[in-house]
Amino acid sequence: MKKLSRTFAAVLISFAFSFCAISFAQQADTPKATTTKKQPPAQPSEKPAESAIKPEPMAEQRPAPREAPADKEKEKEEHYDMTEAAPVVTHHQITVDGKLLKYTATAGRLPIKRGDGKIEAEMFYVAYTLDGQDAAKRPLTFAFNGGPGSASIWLHMGALGPRKVVLQPDGFMPPAPYHMEDNPYTLLDKSDLVLIDAIGTGFSRAADSELFKKFWGVKGDIEAFSEFIRLYITRNERWTSPLFLFGESYGTTRSAGIAGYLADRGISFNGITLLSTVLNFETLEDNNTNDQPYIFLVPSFTMIAGYHHKLAPDLAQDINRARQESEQWASTEYAQALAKGDALTPQERQKVIDQLARFTGLTKEVIDEANLRINVRKFTHYLLIDQKLRVGRLDARYTGPDPNGLLDTPMYDPTGSATQPPFTSVFNNYIRTELGYKTDTPYYVRAQDVGFDKWDWGSAIQGFPDTASAMRQAIVKNPYLKILVMEGYYDLATPYYAANYTVDHLNLPQKYRDNVSFATYDSGHMVYLPTAGLKKMKADQAAFMEKANP
């Protein structure tokens with residue numbers, strides 16, 4: 001029985017934004033010209049009336065039993081209020097492509113119940129529905145980020161929602177205080193939206209620490225999201241709506257699992273968008289007998305080296321041609337050399353060193369010392385070491401000095417430092433002011449209660465976590481299901497070449513393979529951070545939805 005390597009937890013951190021939740025002072029935003037008013041609750045509470053409590057006969061007084069250590073520990077456990085409350089409903093408007101759109105925003109939590117009706121968890125969501133539409137025919141998209149353990153504010157406030165955080169045009173961090181603005185590339189004109197936070201993130205909570213364990217794993221997470229979707233379309237009478245999934249990073253792992261799980265429960269999707277994809281972790285996690293991740297990283301290294309002007313002149317002249325050459329070399333000569341392992345001759349080894357240096361911009365000495373195997377940590381450290389800068393993992397366009405010094409910081413991603421503050425500050429202000437959802441409960445951008453080492457990886461016991469099989473099952477059971485794979489060339493968390501490999505190995509007949517399409521971006525993990533990437537993503541998604549819902 002295979003075990004995950006110790007480096008697996010480090011790989012997981014790269015899926016979506018698993019940054020530490022930091023409290024920020026809320027930044028006031030300029031009021032919008034449109035009016036926002038609260039409406040009566042749309043969904044009545046299902047809390048039953050409490051029965052009258054009759055006084056018990058006085059019992060014989062006895063000394064109180066001593067409290068056992070286990071009881072004291074149990075008393076320390078956190079318990080969360082699972083009382084179901086009606087969501088908060090507000091009304092807004094936005095202009096998209098010159099057309100005025102009036103919409104309703106609903107913020108609240110849906111219960112995840114066990115068989116006898118007891119609530120075990122509540123999942124927070126924000127839904128946006130276009131007013132004046134036939135809900136039975138209106139497309140409905142469920143969207144979420146990944147982690148595992150990341151809230152969905154990134155897709156919410158960076159790409160899909162009607163309001164977005166203000167960044168610089170290239171997606172880099174602006175100076176504080178941070179602001180939001182109307183999102184001209186929101187998906188709301190094409191589909192109603194439901195942004196969902198995984199249990200343990202955002203305002204989503206399980207009843208207690210024991211129940212957190214039930215949902216903190218591949219299986220429990222998929223079942224919770226699937227139940228959320230079933231309950232949402234039931235309560236809001238959306239069973240006949242065209243349904244879509246939009247997952248980012250580990251959210252793609254989740255999407256594949258949801259599609260396979262619900263395919264056997266009468267819920268089919270028209271389309272699934274996989275942004276920064278990982279379905280099979282064997283493509284990302286290396287060990288002594290698995291060199292695949294090294295192979296799939298090389299083309300991304302080439303693109304990033306070109307972006308930072310570290311490629312040889314002949315490759316730098318045409319970056320797309322350089323990428324294609326890199327793909328070809330990595331999947332043939334490089335893969336064959338790694339497969340030989342220690343049997344590689346000195347001459348063959350030197351040839352690999354020369355070529356890998358050419359395609360990555362790294363020195364031959366570093367490649368030799370790394371035994372021809374360059375992982376993300378080494379690449380981000382050494383590419384710009386002459387400038388004493390670390391390159392980003394989630395988006396390698398970002399750079400920055402190591403916080404603890406050049407040689408003393410084990411791993412640092414400048415992407416997080418540039419994106420978490422504006423997103424966190426803006427969302428906390430937005431949810432309380434414009435959406436009117438007021439609570440003292442902290443919004444967890446990253447899950448606080450459990451770590452990656454406690455995540456139940458399910459099929460990992462067989463070697464590596466995998467939901468590609470579930471995706472294949474959903475595809476072959478529904479010949480109309482369309483898949484769109486979105487990839488960023490500067491993403492080292494989920495390299496595009498690894499995603500391509502996974503899709504190419506779903507073992508699909510041509511009829512079904514024709515339902516899979518790709519979209520690529522000159523960006524990183526969050527392809528929507530630069531304005532150009534967001535604009536292209538909206539156009540790609542709109543065209544995909546039209547094809548999936550003719």
Side-chain angles (χ1 to χ4, degrees), residues 32-36 39 42 89-107 125-145 152-167 169 180-196 229 232-233 236-238 240-248 269-275 426-427 430-431 434-435 482 484 486 517 519 521 526-550:
K32 294 183 68 177
T34 58
T35 58
T36 302
Q39 299 296 316
V89 179
T90 54
H91 297 274
H92 315 261
Q93 63 184 39
I94 185 177
T95 299
V96 177
D97 290 334
K99 182 179 180 181
L100 181 67
L101 304 179
K102 295 184 178 181
Y103 65 93
T104 298
T106 304
Y125 71 98
V126 177
Y128 299 101
T129 55
L130 201 60
D131 297 342
Q133 302 293 308
D134 183 354
K137 299 179 180 179
R138 172 84 172 153
L140 178 63
T141 299
F142 295 95
F144 34 78
N145 280 85
S152 294
I153 66 171
W154 315 105
L155 281 173
H156 191 166
M157 301 300 294
L160 303 180
R163 298 279 274 162
K164 67 180 291 291
V165 63
V166 176
L167 301 172
M180 57 184 164
E181 62 186 358
D182 284 345
N183 182 6
Y185 306 112
T186 176
L187 193 61
L188 185 56
D189 60 332
K190 303 298 181 183
S191 171
D192 290 342
L193 303 169
V194 184
L195 285 302
I196 315 166
I229 292 170
Y232 183 91
I233 64 176
N236 293 276
E237 300 178 354
R238 301 299 296 265
T240 60
S241 297
L243 301 179
F244 292 82
L245 290 177
F246 196 120
E248 178 181 335
F269 295 94
N270 290 65
I272 301 175
T273 299
L274 306 175
L275 170 58
V426 163
F427 183 83
Y430 172 64
I431 194 70
E434 293 194 15
L435 298 189
K482 303 293 192 297
L484 174 59
M486 293 181 169
S517 56
Y521 302 84
M526 303 164 72
V527 303
Y528 45 82
L529 288 180
T531 303
L534 175 59
K535 181 179 180 180
K536 183 179 185 301
M537 192 186 94
K538 166 61 185 296
D540 292 338
Q541 180 66 14
F544 168 70
M545 294 186 72
E546 184 175 348
K547 179 181 178 182
N549 182 37

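Throughout, numbering of the chain's residues begins at 1 and tracks the sequence.
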> Heavy-atom distance under 4.5 Å between the side chains of I272 and F244, does that happen here?
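Side chain of I272 against side chain of F244, heavy atoms only: no contact under 4.5 Å found.
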> Could you tell me whether the side chain of F142 reaches within less than 4.5 Å of the side chain of I196, counting heavy atoms only?
yes
> Go through the side-chain N and O atoms of Y528 and E248 and say whether any donor and acceptor fall under 3.5 Å apart.
yes
> Roughly how far, to the nearest 0.5 Å, is the CG atom of L188 from the OG1 atom of T129?
8.0 Å
> Between R138 and D134, is there a side-chain N and carboxylate O pair less than 4.0 Å apart?
no
> Would you say that more than 12 heavy atoms from the other residues, nucleotides or ligands in this model lie under 6.0 Å from the CD of E546, or not?
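Open: at most 12 neighbouring heavy atoms sit under 6.0 Å from CD of E546.
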> Closest heavy-atom contact between L534 and G158?
CD1-O, 3.8 Å
> Would you call M545 and P139 a side-chain contact if the rule is heavy atoms closer than 4.5 Å?
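The answer is yes; the side chains approach within 4.5 Å.
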> Counting only heavy atoms not in K536, do more than 12 fall under 6.0 Å of its NZ?
yes
> Got a donor-acceptor contact below 3.5 angstrom from the S241 side chain to the L243 backbone?
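Not a single qualifying donor-acceptor pair exists.
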> I'd like to know if D182 and K164 make a salt bridge, using a cut-off of under 4.0 Å between side-chain N and carboxylate O.
no
> What pair of heavy atoms forms the shortest contact from A136 to P242, and how long is it?
O-CD, 4.4 Å
> Can a donor-acceptor pair be found, under 3.5 Å and without considering hydrogens, that links the side chain of S152 to the backbone of N145?
yes
> Testing N270, I229, L274 one by one against L245 for a side-chain contact (heavy atoms from CB on, under 4.5 Å), which residue passes?
I229
> Dump the intermediate steps for side-chain contact (heavy atoms from CB on, under 4.5 Å) on K99 and L101, then the final yes or no.
CA-CA 6 Å; K99 182 179 180 181; L101 304 179; 4.2 Å; yes
> Within 45 degrees of the ring normal and closer than 6.0 Å to the centroid, is that where the cationic atom of K482 sits relative to F544?
no
> Nearest 0.5 Å please: distance from the CD atom of E237 over to the OH atom of Y232.
11.5 Å
> Going through the checks in order, is the side-chain contact (heavy atoms from CB on, under 4.5 Å) test met by V126 and T106?
CA-CA 6 Å; V126 177; T106 304; over 6 Å; no
> For a side-chain contact (heavy atoms from CB on, under 4.5 Å) check, start with the C-alpha distance between L195 and F144, then their side-chain angles and the critical distance, and finish with the verdict.
CA-CA 6 Å; L195 285 302; F144 34 78; over 6 Å; no
> Tell me yes or no: between the side chains of Y430 and H156, is some donor less than 3.5 Å from an acceptor?
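Their side chains do not contain a donor-acceptor pair, so the 3.5 Å distance test is not met.
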> Does a donor on one side chain sit under 3.5 Å from an acceptor on the other, for D192 and T141?
no
> Indicate whether the side chain of E434 and that of T90 have a donor and an acceptor atom separated by less than 3.5 Å.
no
> Ignoring hydrogens, what is the shortest heavy-atom contact between T186 and P162? Give both atom names and the distance.
OG1-N, 3.5 Å
> To the nearest 0.5 angstrom, please state how far the CE atom of M157 sits from the CG atom of L167.
10.5 Å
> Does the pair T240 and K137 meet the rule for a side-chain contact (heavy atoms from CB on, under 4.5 Å), with working shown?
CA-CA 7 Å; T240 60; K137 299 179 180 179; over 6 Å; no
> Does the distance from a Lys or Arg side-chain N to an Asp or Glu carboxylate O, for D189 and K538, drop under 4.0 Å?
yes
> Look up atom CE in M537 and atom CG in L484, then write down how far apart they are to the nearest 0.5 Å.
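The CE atom of M537 sits 10.0 Å away from the CG atom of L484.
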> Without swapping roles, check the side chain of N183 against the backbone of Y185 for a donor-acceptor pair under 3.5 Å.
yes
> I need the R238 CZ to I233 CD1 distance, nearest 0.5 Å.
10.0 Å
> Could you measure the distance from the NE2 atom of H92 to the OH atom of Y128? Nearest 0.5 Å is fine.
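If we round to the nearest 0.5 Å, H92:NE2 and Y128:OH are 7.5 Å apart.
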